[in-house]
There are 2 protein chains.
Amino acid sequence: MLSYAEENYLKTIYHLSEESEGKVSTNSIADRLDTKAASVTDMIKKLSAKGVLSYRKYHGVTVSEKGRIAALKVIRKHRLWETFLVDKLKFNWDEVHEVAEELEHINSSLLIKRLDEFLAYPKFDPHGDPIPDENGEFKEKPQVALNLVKIGSSGIIVSVKDSNNVFLQYLDKIGVYLGAKIKVMDQVEFDGSMEIMIDGKRTVFISKEVSENIWITD
Amino acid sequence: MLSYAEENYLKTIYHLSEESEGKVSTNSIADRLDTKAASVTDMIKKLSAKGVLSYRKYHGVTVSEKGRIAALKVIRKHRLWETFLVDKLKFNWDEVHEVAEELEHINSSLLIKRLDEFLAYPKFDPHGDPIPDENGEFKEKPQVALNLVKIGSSGIIVSVKDSNNVFLQYLDKIGVYLGAKIKVMDQVEFDGSMEIMIDGKRTVFISKEVSENIWITD
DNA sequence: ATATATTTTTAGATAAGTCTAAATTATCTA
DNA sequence: TAGATAATTTAGACTTATCTAAAAATATAT
């Protein structure tokens with residue numbers, strides 16, 4: 001049984017280990033959780049004692065199989081709740097993250113089973129991230145970041161990789177949404193910014209930073 | 001801003017003050033929360049410092065107006081979630097209490113506003129208890145405990161006053177549910193037990209303890 | 001009305017989670 | 001590869017919420 005704080009650490013460490021393929025450093029965890037390295041050291045000791053992380057002093061942590069299962073349970077809950085908020089309660093995609101951060105810690109397997117059923121077993125959340133099933137299994141849609149796409153090619157937006165309110169509100173403003181058809185019109189070599197056409201209707205310029213966070217069908 | 005634990009204390013103290021009309025003793029709070037009197041003393045000091053209780057040493061506490069508002073917010077959330085679980089997720093009425101105890105502490109006014117809307121502004125929860133509106137206002141249905149009803153009279157069950165699983169499962173078993181028509185057939189003076197007819201179909205014997213917790217239209 | 005019983009509070013301890021400051025280890029660079 | 005810099009850990013302190021045991025106040029009963 002993991003506490004609220006332990007679940008948050010584990011989930012974050014799992015995400016970091018997916019991003020960076022391997023060991024996760026104390027400081028990267030502290031940065032992501034907006035806490036201090038000393039607190040992280042304390043917590044990773046506890047989590048490795050519980051068998052969800054493996055830890056070698058001064059060399060960061062990796063997530064164990066047991067930890068992966070536990071992390072995916074929390075992520076499953078988070079993404080199901082986000083889907084509920086958008087599909088049933090008419091939240092915008094930029095309004096769901098904070099609330100889902102709280103809801104993900106509610107402990108009831110019946111609740112999650114029934115919620116999943118109520119939502120008709122969704123496979124992706126409102127940002128296009130896959131929702132693990134009760135066994136922690138899921139599949140990503142084949143996808144590629146927009147900044148890696150050649151000029152002239154097009155695809156459908158299948159996910160956005162940053163759930164920050166400001167980013168999502170910006171996407172709303174320029175008319176980018178999951179399912180939109182994107183064609184890359186031009187890319188500036190100097191700064192990596194690009195011009196894209198949305199749904200064949202309108203073109204907008206986006207920075208490299210933005211294009212890295214928009215992923216389209218491969 | 002109240003913490004999780006503070007919200008639980010305040011809600012419980014509010015319920016106790018409603019039951020007993022007035023001052024609430026340290027021990028009654030400890031009993032209800034399954035904690036120790038010393039812990040309660042600590043907490044009521046904190047809560048009176050925050051202005052939600054008024055406290056005189058050795059003489060128990062009363063809930064202030066500010067406290068009443070805060071308590072009713074938690075109760076509103078609890079009862080809306082219970083309604084959601086039963087109406088949308090097909091929980092039985094004996095399965096909702098524990099989960100709602102967790103969900104009631106989720107902090108998002110948008111969430112509660114939208115949940116209320118989604119449930120079509122319910123006025124009563126699955127046990128017949130009234131759901132306060134966003135201003136903390138609500139009205140009880142005119143109702144009376146079954147044990148106080150005269151032999152021969154009848155009414156509709158409008159609420160059950162105990163949310164304990166075992167009690168609710170017992171009611172299921174004998175066919176008692178909110179909205180059922182009850183006629184009091186007989187009452188035994190010796191122990192207060194009674195024979196009731198349910199929906200004009202079937203009669204059952206119930207103890208005084210049970211009849212005190214079933215309330216019908218006045 | 002006084003002794004006894006009950007209730008409540010205080011004092012001091014514990015656990016979880018966090019912090020700052022200092023010490024230690026690892027990594028980078030010249 | 002040695003010294004400087006960066007990352008990490010340790011030590012000690014704080015807060016919240018809890019507990020036990022003892023002290024103090026209130027209530028009860030003869």
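Every chain is numbered from 1, with letters handed out A, B, ... down the list of sequences. Quantities reported herein were computed from a predicted structural model and do not represent experimental measurements.
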Whole angstrom value for the distance that separates [atom2] of [N] from [atom1] of [X]:
X     : N      : atom1 : atom2 : answer
A:I29 : D:dA7  : CD1   : C1'   : 13 Å
A:K36 : D:dT10 : NZ    : C1'   : 17 Å
A:K23 : C:dA26 : NZ    : P     : 12 Å
B:I44 : D:dT18 : CD1   : P     : 13 Å
A:D42 : D:dT8  : CG    : C1'   : 12 Å

Short side-chain donor-acceptor distance under 3.5 Å, A:D94 and A:Q169: yes

When you compare the protein's N or O atoms with those of nucleotides 14-16 of chain D, which come within less than 3.5 Å of each other, and at what distance?
none

Point-to-point distance, once rounded to the nearest 0.5 Å, from CD of B:E212 to CG of B:D162: 11.0 Å

Derivation and outcome, side-chain contact (heavy atoms from CB on, under 4.5 Å), residues B:F138 and B:D133: CA-CA 6 Å; B:F138 62 90; B:D133 67 19; over 6 Å; no

Salt bridge check, [Y] against [X]: does any charged N sit closer than 4.0 Å to a carboxylate O?
X     : Y      : result
A:K50 : A:E6   : yes
A:K11 : A:E101 : yes
A:R68 : A:E18  : no

Under-4.0 Å side-chain N/O to phosphate OP1/OP2 contact, B:K45 with C:dT10: yes

Any strand: nucleotide that pairs with C:dT6 via Watson-Crick or wobble, under 3.5 Å: D:dA25

Position toward the 5' end of DNA chain C (nearest nucleotide), B:R56 or A:A38: B:R56

Sugar-phosphate only, base, or nothing, as touched by A:Y4 at under 4.0 Å among non-hydrogen atoms: nothing

Ring-ring centroid check A:H78 A:H97, cutoff 6.0 Å: yes

Side-chain heavy-atom pair B:L33, B:Y9 within 4.5 angstrom cut-off: yes

Nearest heavy atoms of B:K23 and B:H59, plus distance in Å: CD-O, 3.2 Å

Base-contact (B) and sugar-phosphate-only (S) positions in nucleotides 2-8 of chain C, heavy-atom cut-off under 4.0 Å, - elsewhere: -----SB

